[in-house]
Amino acid sequence: MAEPTAGRADAPVPAACRVGAPVPQASLMTPAEAWATMRAGNQRFVRGEPAHPCQGVARRRELRAAQHPHTVIFGCSDSRVAAEIIFDQGLGDVFVVRTAGHVLDTTVLGSIEYGTQVLGASLVMVMGHDSCGAVAATAHTLMTGEQPPGFVRAVVDKVIPSVAQITSRDGDAAHFDPDTLRTVHVRHTVASLCGYSAALRDGVDDGSLAIVGVEYDLAEGRARLVHVEGEVGEHPGQGVR
């Protein structure tokens, strides 16, 4: 196997991260361009050839006064789902919000609006993943009626509305399969962002913003597009290849 170029001194450095280059303005990046950037980064990660862009001393100094991320990522707190690594992004590139099971509350909504309305990100990504503990706990509650202990129950309570339309038929537990629930939860979260936030909905309507839902495969490292609000130049199911 050829030695990957990631981390080598002769690896190509993105133009925006070269010494003296200005911090790129997110307002100049369309939703489709932001998605293409994320897609390309995930491709590098899947191949095992990350570029680790925009992580040097010069980049730190350039960012001290301002930030202009192109994408807001709303994902799960799971330790295996580190957004900047999965999409091979650097300092100042993505504004990340994480909760267990990517459950929504008003603080999360405010954080996402800050990333788009104040910082200028043109893409919002909701990222679910396989083997999610929050989704598995929700599936268990739906199948057995048993509630998890402590404040973990608060997480399950917020996931349940996402999958309320999935009902058991003749006691068939397959309707509560975690993989099915995960996909429905991602799609419902994207729809909820548009439903709760007038600012996000207006951005999608006028084309300045897109909201996408992706599912991340822990073993492959691949992010697959499953839902889109707006226009990113790709349709759900095509995925990141």
Side-chain angles (χ1 to χ4, degrees), residues 38 67 69 71-87 89 94-119 121 123-168 171-201 211-219 221 223-224 226-227 229:
M38 300 297 284
Q67 58 173 318
T71 298
V72 173
I73 302 177
F74 176 39
C76 182
S77 299
D78 194 294
S79 64
R80 300 164 294 180
V81 190
E84 294 94 337
I85 296 174
I86 290 168
F87 292 97
Q89 299 298 298
V94 291
F95 186 82
V96 182
V97 183
R98 298 174 70 180
T99 62
H102 60 84
V103 298
L104 279 173
D105 62 19
T106 54
T107 304
V108 169
L109 286 165
S111 298
I112 293 172
E113 286 192 354
Y114 180 80
T116 57
Q117 307 305 302
V118 178
L119 300 182
L123 180 70
V124 175
M125 176 187 293
V126 175
M127 182 167 61
H129 65 95
D130 59 330
S131 300
C132 178
V135 171
T138 301
H140 179 78
T141 294
L142 290 171
M143 287 188 290
T144 67
E146 298 176 2
Q147 293 284 358
F151 281 96
V152 177
R153 177 174 178 174
V155 176
V156 170
D157 287 345
K158 287 184 176 293
V159 176
I160 286 177
S162 290
V163 296
Q165 66 267 45
I166 301 178
T167 57
S168 177
D172 185 358
H175 295 288
F176 298 138
D177 173 67
D179 289 337
T180 301
L181 298 186
R182 179 187 70 241
T183 302
V184 173
H185 184 39
V186 168
R187 290 171 175 161
H188 185 268
T189 303
V190 172
S192 294
L193 290 177
C194 291
Y196 284 128
S197 172
L200 297 181
R201 180 74 256 174
I211 306 176
V212 300
V214 303
E215 290 182 335
Y216 174 68
D217 185 286
L218 293 173
R224 180 173 65 93
V226 298
H227 192 84
E229 294 287 340

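All values below come from the heavy atoms of this structure, side chains included, with hydrogens, waters and symmetry mates left out.
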Correct closest heavy-atom pair for V155 and A100 would be CG1-O, 3.6 Å
Answer yes or no: is there a side-chain heavy-atom contact under 4.5 Å between M38 and I73?
-> yes
Give, for atom CE of M127 and atom CG of D78, the distance between the pair rounded to the nearest 0.5 Å.
-> 9.5 Å
Do you know which two heavy atoms are closest between S111 and F95, and how far apart they sit?
-> O-CE2, 3.2 Å
How about R224 and D217: do any of their side-chain heavy atoms sit closer than 4.5 Å?
-> no
Side-chain atoms of residues 146-153: list all donor-acceptor pairs with protein atoms under 3.5 Å, sequence neighbours left out, distances to 0.1 Å.
from, atom 1, to, atom 2, distance (Å)
E146, OE1, H140, NE2, 2.9

What pairs of residues pass the side-chain hydrogen bond (donor to acceptor under 3.5 Å, both in side chains) test when at least one of them lies in residues 125-135, not counting sequence neighbours?
-> none
Give the minimum heavy-atom separation between V103 and V108, together with the two atoms involved.
-> O-CG2, 4.0 Å
Minimum heavy-atom distance between V81 and R98, given as atom pair plus value | O-NH2, 3.1 Å
Rounded to the nearest 0.5 Å, how far apart are CZ of F87 and OG1 of T71?
-> 9.0 Å
Enumerate the residue pairs fulfilling side-chain hydrogen bond (donor to acceptor under 3.5 Å, both in side chains) with a member in residues 189-199, sequence neighbours excluded, ordered by first and then second residue.
-> H102-T189, E113-S197, H188-S192
V135 to R182 - nearest heavy-atom pair and separation = CG1-N, 4.0 Å
Atom of C194, atom of E229 and distance for their closest heavy-atom approach = SG-CG, 3.9 Å
Atom CD1 in I211, atom NE2 in H227: separation rounded to 0.5 Å?
-> 8.5 Å
Report yes or no: does E215 contribute a side-chain atom to a donor-acceptor pair with the main-chain N or O of V226 at less than 3.5 Å?
-> no
Working to the nearest 0.5 Å, report the span between CG of L193 and CD1 of I112.
-> 4.5 Å
Around L218, counting heavy atoms of other residues, nucleotides and ligands shown, do more than 12 lie under 6.0 Å from its CG?
-> yes
